[in-house]
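Chain A is the first sequence line, chain B the second, and so forth, proteins listed ahead of strands; every chain is numbered from 1. Everything numeric here is computed off the predicted structure, so don't read it as measured data.
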Protein chains: 2
Amino acid sequence: MISIGELSRRTNVKVPTIRYYESIGLMPDPGRTEGGQRRYGQDELERLAFIRHARDLGFSIDAIRELIALAGKPGEPCERADVIASRQLAAVRARIARLRKLEAELARIAAACDGHTTGQCQVIAALGDHGLCAGSH
Amino acid sequence: MISIGELSRRTNVKVPTIRYYESIGLMPDPGRTEGGQRRYGQDELERLAFIRHARDLGFSIDAIRELIALAGKPGEPCERADVIASRQLAAVRARIARLRKLEAELARIAAACDGHTTGQCQVIAALGDHGLCAGSH
DNA sequence: CTTGTACCTCTAGCGACTAGAGAAATTAGT
DNA sequence: ACTAATTTCTCTAGTCGCTAGAGGTACAAG
């Protein structure tokens with residue numbers, strides 16, 4: 001049985017965040033000491049590690065809730081879990097594609113200020129004039 | 001002089017968002033009709049287009065505020081604007097790098113469910129066991 | 001002059017936390 | 001056994017950038 005601080009250290013999830021997860025029902029009510037402090041066991045540690053990992057991968061709290069529910073019952077859950085993971089993968093790929101466009105345009109804008117030779121600021125001009133954009137966004 | 005709805009259509013910024021920008025001081029108080037409705041001119045249209053464009057590029061409201069302030073005074077603003085844009089570019093590149101790692105791991109996880117042959121769900125197992133991850137995150 | 005749309009203000013809510021106050025419990029050291 | 005330091009407790013409110021809804025008013029077209 002470990003304290004919330006210890007759990008926090010082992011999972012890299014901040015203490016207030018653990019309590020927050022409990023408040024929204026993502027983590028179960030843990031046992032308490034006589035004095036009322038939370039004490040966690042192996043189950044909770046694993047569950048929180050799972051949550052942390054999924055959050056790192058960009059899964060929403062709701063998606064995680066669903067994944068946990070699926071993990072709870074051993075039946076034919078794989079299909080649904082696969083759908084969730086695949087959807088997440090598609091979302092990540094879309095975000096990457098979008099960010100790459102931004103990168104190209106930002107690089108162009110930042111480069112405009114290159115030698116500090118121009119009196120007029122090209123950065124601000126580029127932001128103001130959408131028509132200058134190379135890509136369409 | 002155009003209405004808020006017309007401004008919204010031309011800039012692709014939703015009406016409540018325009019009012020929100022006004023409430024936080026990002027857009028100025030516009031003129032009003034006798035009946036109290038907002039009316040905008042060319043200046044406001046350009047300013048909002050600037051804001052929209054910068055938001056699209058991921059600049060924070062605070063960064064935009066600073067850029068607008070810089071644009072207001074023609075002196076030697078280019079340096080500072082360049083710093084802001086470059087910082088934004090670096091942030092975008094960092095996000096891309098991070099997302100690429102996630103993409104790799106998600107692809108691996110989703111592929112585990114490939115032929116639906118396994119009884120045990122590999123997706124959930126992969127999320128639970130951080131040690132299975134290829135990359136370190 | 002009516003009808004229908006667009007507009008007004010205001011409050012509250014979203015996701016996913018984060019920060020702070022003030023009090024009580026636990027732990028480590030003597 | 002006592003003290004002091006650290007940790008933990010609950011609770012409220014704040015963050016960011018909007019978005020949604022209620023209930024009411026102004027404006028443009030026919």
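- Of the listed nucleotides (D/dC9, C/dC8, C/dA16), D/dC9 has the atom at the smallest distance from the side chain of A/Ile4.
- Proximity of B/Arg19 to the phosphate of C/dC8: a side-chain N or O atom is located under 4.0 Å from OP1 or OP2.
- In this entry the distance linking CD of A/Glu22 with C1' of C/dA16 reads 16 Å, nearest Å.
- Of all heavy-atom pairs spanning B/Ala49 and B/Thr11, the tightest one is N-CG2, 4.3 Å.
- Within 4.0 Å of B/Ile24, counting heavy atoms only, lies no atom of the nucleic acid at all.
- Atom CG of A/Leu48 is separated from atom CG of A/Leu7 by 5.0 Å, given to the nearest 0.5 angstrom.
- Computed from coordinates, the A/Tyr21 OH to C/dG15 P distance equals 14 Å when rounded to whole Å.
- Atom-to-atom, CZ of A/Arg9 to P of D/dT8 comes out at 6 Å; the value is rounded to the nearest Å.
- For the pair B/Ile18 CD1 and C/dT9 P, the interatomic distance rounds to 13 Å; values are reported in whole Å.
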**Annotated protein contacts, base or backbone, on nucleotides 19-30 of chain D with a non-hydrogen cut-off under 4.0 Å, one of B, S, - each** = S------SS---

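- Rounded to whole Å, the distance from CZ on A/Arg55 to C1' on C/dC17 is 9 Å.
- Using modelled atom types, no side-chain atom of B/Arg38 and backbone atom of B/Asp29 make a donor-acceptor pair closer than 3.5 Å.
- Spacing between atom CE of A/Met1 and atom P of C/dA25 amounts to 20 Å, rounded to whole angstrom units.
- In this structure, B/Met27 places its CE atom 17 Å from P of D/dG17, rounding to the nearest Å.
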**Request:** Evaluate the salt bridge (Lys or Arg N to Asp or Glu O under 4.0 Å) criterion for residues B/Glu22 and B/Arg32: first the C-alpha distance (whole Å), next the side-chain angles of each, then the deciding distance (0.1 Å), finally the verdict.
**Result:** CA-CA 13 Å; B/Glu22 183 186 325; B/Arg32 301 270 183 150; 3.8 Å; yes

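- Residue A/Arg32 is classed as a sugar-phosphate contact, given heavy-atom separations below 4.0 Å to backbone atoms only.
- Electrostatic pairing of A/Arg52 and A/Asp56 counts as a salt bridge here, judged by a charged N lying under 4.0 Å from a carboxylate O.
- A sub-4.0 Å separation between OP1 or OP2 of D/dT8 and a side-chain N or O of A/Arg38 is absent.
- Contact between the side-chain N/O atoms of A/Ser3 and the OP1/OP2 oxygens of D/dT8 is found at a separation under 4.0 Å.
- No salt bridge links A/Glu105 with A/Lys101; every basic N to acidic carboxylate O contact stays at or beyond 4.0 Å.
- Between the CD1 atom of B/Ile2 and the P atom of C/dA6 there is a distance of 15 Å, given to the nearest Å.
- Ionic pairing of B/Glu6 and B/Arg9 is present here: one or more N-O contacts between side-chain nitrogen and carboxylate oxygen are shorter than 4.0 angstrom.
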